[in-house]
Amino acid sequence: MNITSMTKLLSTHHTKFILIGIFLLTGSFTWGQSREGDGGTSGGHISREEYRKLQDSLKANKIEPLVKLWQLEADGAYKVRHYRDTTDMDRQILYPNFKKSIANTFTGNAGAANQSALFIHREPVQEFLFLQPYEVYISRPETHKFIDTRTPYSELNYSTGGNNNREENILNVLVTQNINKDWNVGLEYNLISSDGQYQNQKHKVYDFTVFSSYEKGHYKLYGYLNHNRIKLQENGGIADDNVLKADTTIEAPNMEVRLFDTGASIHNFNYFLSHQYNIGEMRERVLFGDTTQVYPIKIVHTLHLDKSSRKYYDQENTDDYYQNFIYAFNTPIEEKTTFQNLKNSAQVVLNEGYFNWFKYGLRAEVSYEKIKYELPALKPVFPNNWDLGMKEIKQDNLSLEVGAFYSSTEKTNWAAHWRTYFSGYRSGDTEAKAHYTHYLGNDSLRNHKLQVDFKMTNQTPSLLWNQYFSNHIYWKKDLNKETQIKLGGYYHNKAWKLEAGGYWQALKNYTFFGENALPQQSSDEIVVFTAYAKKNFHWWKMHFEPTVYWQQSSNEDLLPLPMISAYANTYFESDLFQKAIRLRVGIDARFYTKWYAPDYMPATGQFFLQKEKELGGYPKLDAYFVAQFKRATFFMKYEHINNLISDNEYFSALHYPITPHILKYGVRWYFYD
């Protein structure tokens with residue numbers, strides 16, 4: 001591992017503090033990792049020395065590592081089991097946005113503003129609009145996976161690339177263990193730090209999370225506390241797009257860009273607490289090989305505090321880049337927008353699997369949200385007589401949700417819910433969501449399955465879609481409710497290593513940023529069709545894994561999309577040294593057809609429509625090798641290798657090229673004790 005790059009990575013006080021905390025937590029917890037029924041004392045606490053002596057005398061009771069993961073659904077009404085893939089041979093895919101979507105529009109480097117080029121993979125619209133381009137990177141309680149483990153469990157994931165002046169680093173650390181058989185505590189730290197290959201392109205995205213779960217008898221509690229932080233420089237893209245192709249002697253760090261001394265800082269803080277009390281007599285049931293306790297009814301209370309802010313600065317503030325200046329230029333500016341949402345939810349749940357005469361789960365929930373915005377305070381009078389003295393805006397929302405779910409068999413599971421807002425800013429909004437999964441064949445968990453998904457939302461655009469003002473750009477709108485319907489599904493076959501699916505989406509009052517970088521709304525209905533397939537072809541030790549998406553928008557002027565997006569991973573894989581090492585050597589490729597990929601507005605951090613130039617039609621090739629030795633996986637790859645011999649039309653967004661050829665390497669290591 002590159003010692004210089006690691007030293008630079010850990011140089012900040014913030015990172016040092018977190019790593020020291022992880023070290024201390026690990027040291028303080030290791031003495032307590034014992035579980036009743038696994039050779040521990042009745043209290044569940046035993047010293048490591050005593051524990052080892054006990055294991056020496058009771059070899060038959062040796063604790064085998066076991067890590068269980070689950071995700072809370074429907075504000076804690078039920079849990080969905082997840083499985084961690086420790087084979088980890090796809091280590092060459094480093095960026096979180098490309099792990100989720102094979103085609104993306106982004107501003108060039110790791111941690112940059114991102115929007116999936118596949119419409120079905122675009123993130124749901126966030127209440128705080130400025131988080132939208134970074135949602136794929138940050139941690140959230142809605143997607144967090146809680147853990148139960150018999151032995152201390154840790155993960156370390158590190159990768160680096162580039163030279164000392166244009167370095168990129170990705171670090172993920174997870175430390176978790178059970179204090180006793182009922183109580184788990186963990187820490188997680190994620191970092192993406194990229195200096196960028198072009199000028200004024202530095203991005204840093206990091207989050208720190210503490211989580212815990214406690215389940216004993218009638219009472220269960222799940223806690224989650226995290227801080228996401230994004231610091232970025234904005235360069236406005238390169239000044240002359242033709243320089244990439246016309247003058248190949250100019251290296252990326254020497255290319256002229258459009259903005260200097262400009263950037264933003266985004267913070268997002270989450271506090272989440274869900275606790276529940278089960279009422280009635282306990283029964284045991286076996287589900288997926290686990291014996292669990294179930295009660296007839298439970299009461300669930302969930303509290304979620306979401307605080308976010310965005311600060312945008314421009315030290316030069318010249319009129320060379322921005323078309324609209326409201327009150328100042330040639331004077332440094334700094335603008336801050338804040339958001340806070342405190343949500344309380346209470347629900348009654350009829351647990352599934354308790355009654356023989358009724359196998360399904362039912363739930364009813366009431367939620368109350370208290371929202372507060374603070375917009376940048378500007379003294380001059382704006383058009384339309386805006387009252388800029390009232391920069392603080394408060395909202396309230398009251399909603400009711402009912403749902404049903406069923407996951408008590410290995411063959412079938414489904415869930416459905418319906419929510420309506422009957423008071424507040426979102427009064428009249430509705431949401432309905434359902435999925436149905438059925439496993440086919442005798443070996444249900446390893447054979448094949450069919451899943452059908454449905455989602456319908458009728459939603460008022462958030463406050464920032466309707467009004468925002470700043471030095472460079474402002475708007476005041478009165479947007480209608482936006483309706484989206486999504487219906488489709490997929491078929492997955494593990495034995496054949498095949499998955500294929502399709503989705504139909506209908507949009508009414510579709511809301512987007514138009515060519516003037518301002519919010520707009522379409523009065524016409526837009527329909528998007530998507531179909532995809534992916535397969536692993538295997539001959540001898542050679543593998544070919546293509547993934548192809550086809551999508552069609554009924555209105556390419558308002559919702560342009562690449563028709564074909566493809567990803568192909570071709571590799572040789574074999575075991576070496578009597579299966580001590582598994583080696584993979586290959587090339588992966590990405591490609592999408594030409595389309596009017598969006599432009600990007602630094603003042604708002606949002607992608608918007610452009611008709612200046614079609615982008616795409618350019619393949620990107622990465623050569624790599626991956627070696628797995630026991631619990632450690634090492635990799636090295638030469639990214640964008642075809643940049644050495646091909647032309648240079650490699651733009652992702654208008655004026656924003658992707659990273660040129662670069663060497664990267666790293667390791668991922670799992671620890672079970």
Side-chain angles (χ1 to χ4, degrees), residues 90 92-110 112-123 133 136 237 241 244-245 488 490 499-503 505 512 526-535 544-570 586-600 607-624 637 639-643 645-661:
D90 289 325
Q92 79 280 5
I93 305 176
L94 300 177
Y95 293 0
N97 48 340
F98 283 98
K99 289 181 180 180
K100 181 172 182 178
S101 177
I102 66 170
N104 295 275
T105 297
F106 66 119
T107 55
N109 56 328
N114 180 82
Q115 182 184 78
S116 176
L118 302 175
F119 192 71
I120 62 170
H121 289 163
R122 291 190 180 175
E123 297 290 333
V136 71
D241 293 359
L244 283 178
K245 193 171 184 178
Y490 64 90
E499 182 174 311
Y503 289 87
Q505 293 169 272
F512 58 96
I526 302 175
V527 176
V528 179
F529 293 96
T530 305
Y532 75 94
K534 50 186 176 181
K535 175 79 170 73
F544 176 58
E545 298 179 355
T547 302
V548 179
Y549 279 80
W550 171 87
Q551 56 184 354
Q552 183 67 57
S553 168
S554 64
N555 192 330
E556 290 286 346
D557 292 331
L558 302 183
L559 182 53
L561 298 169
M563 180 175 290
I564 302 294
S565 300
Y567 168 75
N569 187 15
T570 305
I587 293 179
D588 63 7
R590 299 180 187 275
F591 175 86
Y592 51 78
T593 53
K594 283 185 173 291
W595 67 301
Y596 284 104
D599 200 348
Y600 175 77
F607 292 98
F608 65 96
L609 293 181
Q610 62 88 17
K611 291 295 183 181
E612 180 181 335
K613 183 180 181 181
E614 282 191 315
L615 306 177
Y618 177 86
K620 176 179 175 290
L621 305 180
D622 302 336
Y624 70 93
K637 77 168 181 174
E639 187 173 292
H640 201 178
I641 191 171
N642 56 308
N643 175 229
I645 57 176
S646 64
D647 63 39
N648 300 315
E649 291 288 332
Y650 45 86
F651 290 93
S652 178
L654 187 65
H655 311 311
Y656 288 89
I658 62 175
T659 298
H661 54 90

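Values below: all heavy atoms of this structure, side chains included; hydrogens, waters and symmetry mates excluded.
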Colleague: Which distance, rounded to the nearest 0.5 Å, do you find between the OH of Y624 and the CG of D90?
Modeller: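 It is 6.5 Å, given to the nearest 0.5 Å.
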Colleague: So do the side chains of I102 and L118 get within less than 4.5 Å of each other, counting heavy atoms only?
Modeller: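 The answer is yes; the side chains approach within 4.5 Å.
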Colleague: Please name all residues satisfying ring pair (Phe, Tyr, Trp, His ring centres under 6.0 Å) with Y503, sequence neighbours left out, ordered by chain then number.
Modeller: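 Checked Y503 against ring pair (Phe, Tyr, Trp, His ring centres under 6.0 Å); zero matches.
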Colleague: Do K613 and L615 come close enough that some side-chain heavy atom pair is under 4.5 Å?
Modeller: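 When only atoms from C-beta onward are counted, L615 and K613 do touch, with a gap below 4.5 Å.
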Colleague: What is the minimum heavy-atom distance between W595 and A117, and which atoms define it?
Modeller: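 So the two residues come closest at CZ2-CB, 3.9 Å.
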Colleague: Out of curiosity, D599 CG to K611 NZ, how far, rounded to the nearest 0.5 Å?
Modeller: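 Taking CG in D599 and NZ in K611, the distance rounds to 13.0 Å.
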Colleague: Is there a side-chain contact between Y95 and N104 (heavy atoms, below 4.5 Å)?
Modeller: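 Of all side-chain heavy-atom pairs linking N104 with Y95, none is under 4.5 Å.
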Colleague: Using modelled atom types only, decide if a donor and an acceptor are shared between the side chain of T593 and the backbone of I564 within a distance under 3.5 Å.
Modeller: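 It does hold such a pair.
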Colleague: Distance from E612 atom CD to Q610 atom CD, nearest 0.5 Å?
Modeller: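 Going from the CD atom of E612 to the CD atom of Q610 covers 6.5 Å.
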Colleague: With the side chain counted from C-beta on, respond yes when F512 and L609 share a heavy-atom pair under 4.5 Å apart, and no when they do not.
Modeller: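 A side-chain contact under 4.5 Å exists here.
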Colleague: Check whether any side-chain N or O of R590 sits under 3.5 Å from a backbone N or O of Y567 as a donor-acceptor pair, and report yes or no.
Modeller: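 Pair absent, no side-chain N/O of R590 close to backbone of Y567.
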Colleague: Please report the closest heavy-atom contact between P619 and G617, naming both atoms and the distance.
Modeller: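 Residues P619 and G617, closest heavy atoms: CD-O, 4.0 Å.
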Colleague: D588 side chain to A568 main-chain N or O, any donor-acceptor pair under 3.5 Å?
Modeller: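 No: the side chain of D588 does not pair with the backbone of A568.
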Colleague: Picking from T530, V527, I526, L558, what satisfies side chain to side chain contact (heavy atoms under 4.5 Å, CB included) with S553?
Modeller: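 Result: among T530, V527, I526, L558, I526 is the only option passing the side chain to side chain contact (heavy atoms under 4.5 Å, CB included) with S553.
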Colleague: Apply side chain to side chain donor-acceptor pair (under 3.5 Å) to N97 and N114, showing your working.
Modeller: CA-CA 7 Å; N97 48 340; N114 180 82; 2.9 Å; yes
Colleague: If I take atom NE2 from residue H661 and atom OH from residue Y650, how far apart are they, to the nearest 0.5 angstrom?
Modeller: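 With rounding to 0.5 Å, NE2 (H661) is 7.5 Å from OH (Y650).
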Colleague: Nearest 0.5 Å please: distance from the CD1 atom of I641 over to the NZ atom of K620.
Modeller: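 So the CD1 of I641 and the NZ of K620 are separated by 11.0 Å.
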Colleague: Within the distance-only criterion (no hydrogens, no angle test), does the side chain of N642 pair as donor or acceptor with the backbone N or O of L621 below 3.5 angstrom?
Modeller: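 Side chain of N642 to backbone of L621: a pair is present.
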Colleague: So, for F544 and P546, which heavy atoms are closest and what is the spacing to 0.1 Å?
Modeller: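 For F544 and P546, the tightest heavy-atom pair comes out as O-CD, 3.3 Å.
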Colleague: Between the side chains of K594 and E649, is the shortest nitrogen-to-carboxylate-oxygen separation below 4.0 Å, so that they form an ion pair?
Modeller: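 No salt bridge links E649 with K594.
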Colleague: Quick check on ring-ring contact (aromatic ring centres under 6.0 Å, His included): which of F607, F98, Y656, Y600 does F106 satisfy it with?
Modeller: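 Of the listed options, the one satisfying the test is F98.
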Colleague: Working to the nearest 0.5 angstrom, can you tell me the gap between S652 OG and Y592 OH?
Modeller: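 Answer rounded to 0.5 Å: 4.5 Å.
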Colleague: Would you say L654 and D241 make side-chain contact, with heavy atoms under 4.5 Å?
Modeller: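 With C-beta onward as the side chain, the pair touches.
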Colleague: Mark yes or no for whether Q115, through its side chain, and P133, through its backbone, hold a donor-acceptor pair below 3.5 Å.
Modeller: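 No: the side chain of Q115 does not pair with the backbone of P133.
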Colleague: Taking the side chain as everything from C-beta on, heavy atoms only, tell me whether Q551 gets closer than 4.5 Å to Q505.
Modeller: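 No, side chains not in contact.
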Colleague: Has E556 got a side-chain atom pairing as donor or acceptor with Y596's backbone, closer than 3.5 angstrom?
Modeller: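 Checking the backbone N and O of Y596 against the side chain of E556, no donor-acceptor pair under 3.5 Å is found.
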Colleague: Keeping Q552 on the side-chain end and M563 on the backbone end, is there a donor-acceptor pair under 3.5 Å?
Modeller: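 Such a contact is absent between Q552 side chain and M563 backbone.
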Colleague: Between H121 and Y532, does the ring centre distance come in under 6.0 Å?
Modeller: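 Not close enough - the centres of the two rings lie 6.0 Å or further apart.
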Colleague: So, Q92 side chain and D622 main chain: donor-acceptor pair closer than 3.5 Å or not?
Modeller: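 Between the backbone of D622 and the side chain of Q92 there is no qualifying donor-acceptor contact (under 3.5 Å).
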